[in-house]
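The structure appears below as structure tokens.
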Amino acid sequence: QVQLVESGGGLVQAGGSLRLSCTVSGSIFSINTVNWYRQAPGKQRELVARLTSGGNTNYADSVKGRFTISRDNAKNMAYLQMNGLKPEDTAVYYCNVVLFSFGNYWGQGTQVTVSS
């Protein structure tokens, strides 16, 4: 049983920073790809950042230069460092991991609210 738990969300003023964490536990061997998605009310789910096992990263244009995705393979954890937060970053943020076995798992999401 694989479980993902996000943490680190909360309320922050515009210009502030948050670091989201994703803890992966259960019957896993190693993580292939880490994705962070977000979904704001009334909007479609958006891919925010992606990190492959080869170290390749992809970011949504709206967060480039402000967000950084990373992982700690030894700890089976993933992170999303968010700097220079804007009100439009307000959303529920979801961690998604793809294992080398091609299992695909999602966390429950963590709410990020950015006030002006």
Side-chain angles (χ1 to χ4, degrees):
Q1 304 296 325
V2 177
Q3 183 179 16
L4 277 62
V5 179
E6 300 98 333
S7 62
L11 175 64
V12 65
Q13 291 207 88
S17 297
L18 288 172
R19 187 177 76 157
L20 306 184
S21 298
C22 176
T23 303
V24 185
S25 62
S27 300
I28 58 174
F29 181 72
S30 61
I31 297 171
N32 189 339
T33 300
V34 175
N35 303 299
W36 284 96
Y37 289 85
R38 68 185 182 188
Q39 187 167 27
K43 295 185 177 181
Q44 288 189 300
R45 185 182 64 186
E46 175 188 25
L47 177 64
V48 176
R50 170 171 288 159
L51 175 62
T52 70
S53 61
N56 296 317
T57 58
N58 288 282
Y59 296 95
D61 288 341
S62 59
V63 307
K64 285 181 179 177
R66 300 188 297 118
F67 290 12
T68 303
I69 186 171
S70 62
R71 66 200 293 175
D72 186 329
N73 291 329
K75 297 181 179 180
N76 283 329
M77 295 190 69
Y79 307 93
L80 184 68
Q81 179 68 44
M82 305 185 296
N83 299 324
L85 285 163
K86 304 175 180 179
E88 50 263 44
D89 295 319
T90 296
V92 177
Y93 285 72
Y94 298 91
C95 180
N96 164 247
V97 301
V98 181
L99 308 183
F100 279 100
S101 64
F102 297 100
N104 191 304
Y105 302 93
W106 291 81
Q108 80 292 336
T110 185
Q111 176 69 50
V112 172
T113 303
V114 185
S115 63
S116 59

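Small disclaimer: the values here were computed from a predicted structure and weren't measured.
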Using side-chain heavy atoms (C-beta onward) and a distance below 4.5 Å, is [X] in contact with [Y]?
X	Y	result
Leu4	Thr23	no
Ser21	Glu6	no
Thr110	Val92	no
Tyr79	Thr68	no
Cys95	Tyr37	no
Val48	Phe67	yes
Thr57	Leu51	yes
Val2	Val24	yes

Let me see the working for Asn76 and Ile31 under side chain to side chain contact (heavy atoms under 4.5 Å, CB included), right down to the final yes or no. CA-CA 7 Å; Asn76 283 329; Ile31 297 171; 4.2 Å; yes

Could you work out, with side chain to side chain donor-acceptor pair (under 3.5 Å) as the rule, every residue matching Asn104, not counting sequence neighbours? Asn96, Trp106

Cluster overlap Trp36 with Met77, hydrophobic side-chain contacts below 4.5 Å: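 They do not share one cluster, since no chain of ILVMFWY contacts under 4.5 Å joins Trp36 to Met77.
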
If you group Ile, Leu, Val, Met, Phe, Trp and Tyr by side-chain heavy-atom gaps below 4.5 Å, do Val34 and Val98 land in one group?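 No, because Val34 and Val98 fall into different hydrophobic clusters, even though each may have its own neighbours under 4.5 Å.
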
Evaluation steps, side chain to side chain contact (heavy atoms under 4.5 Å, CB included), between Gln111 and Thr90: CA-CA 8 Å; Gln111 176 69 50; Thr90 296; 4.0 Å; yes

Please walk me through it: do Ser53 and Arg71 pass side chain to side chain contact (heavy atoms under 4.5 Å, CB included)? CA-CA 9 Å; Ser53 61; Arg71 66 200 293 175; 4.3 Å; yes

Would you please name every residue forming a side-chain contact (heavy atoms from CB on, under 4.5 Å) with Ser25, sequence neighbours left out?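 Gln3.
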
As an exercise, state the distance from [atom1] of [X] to [atom2] of [Y], rounded to the nearest 0.5 Å.
X	Y	atom1	atom2	answer
Ser17	Gln81	OG	CD	6.0 Å
Cys22	Asp72	SG	CG	12.5 Å
Leu18	Ser7	CG	OG	11.0 Å
Leu20	Tyr94	CG	OH	12.5 Å
Thr52	Arg50	OG1	CZ	9.0 Å

I need the minimum non-hydrogen distance between Met82 and Val112, along with the two atoms involved.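 Looking at all heavy atoms of both residues, the shortest contact is CE-CG2, 3.8 Å.
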
List the atom pairs, with distances to 0.1 Å, where a side-chain N or O of residues 38-47 and a protein N or O form a donor-acceptor pair under 3.5 Å, not counting sequence neighbours.
{"from": "Arg38", "atom 1": "NE", "to": "Glu46", "atom 2": "OE1", "distance (Å)": "2.9"}
{"from": "Arg38", "atom 1": "NH1", "to": "Asp89", "atom 2": "OD1", "distance (Å)": "2.9"}
{"from": "Arg38", "atom 1": "NH1", "to": "Tyr93", "atom 2": "OH", "distance (Å)": "2.8"}
{"from": "Arg38", "atom 1": "NH2", "to": "Glu46", "atom 2": "OE1", "distance (Å)": "3.4"}
{"from": "Arg38", "atom 1": "NH2", "to": "Ser62", "atom 2": "OG", "distance (Å)": "3.3"}
{"from": "Gln39", "atom 1": "NE2", "to": "Lys43", "atom 2": "O", "distance (Å)": "3.3"}

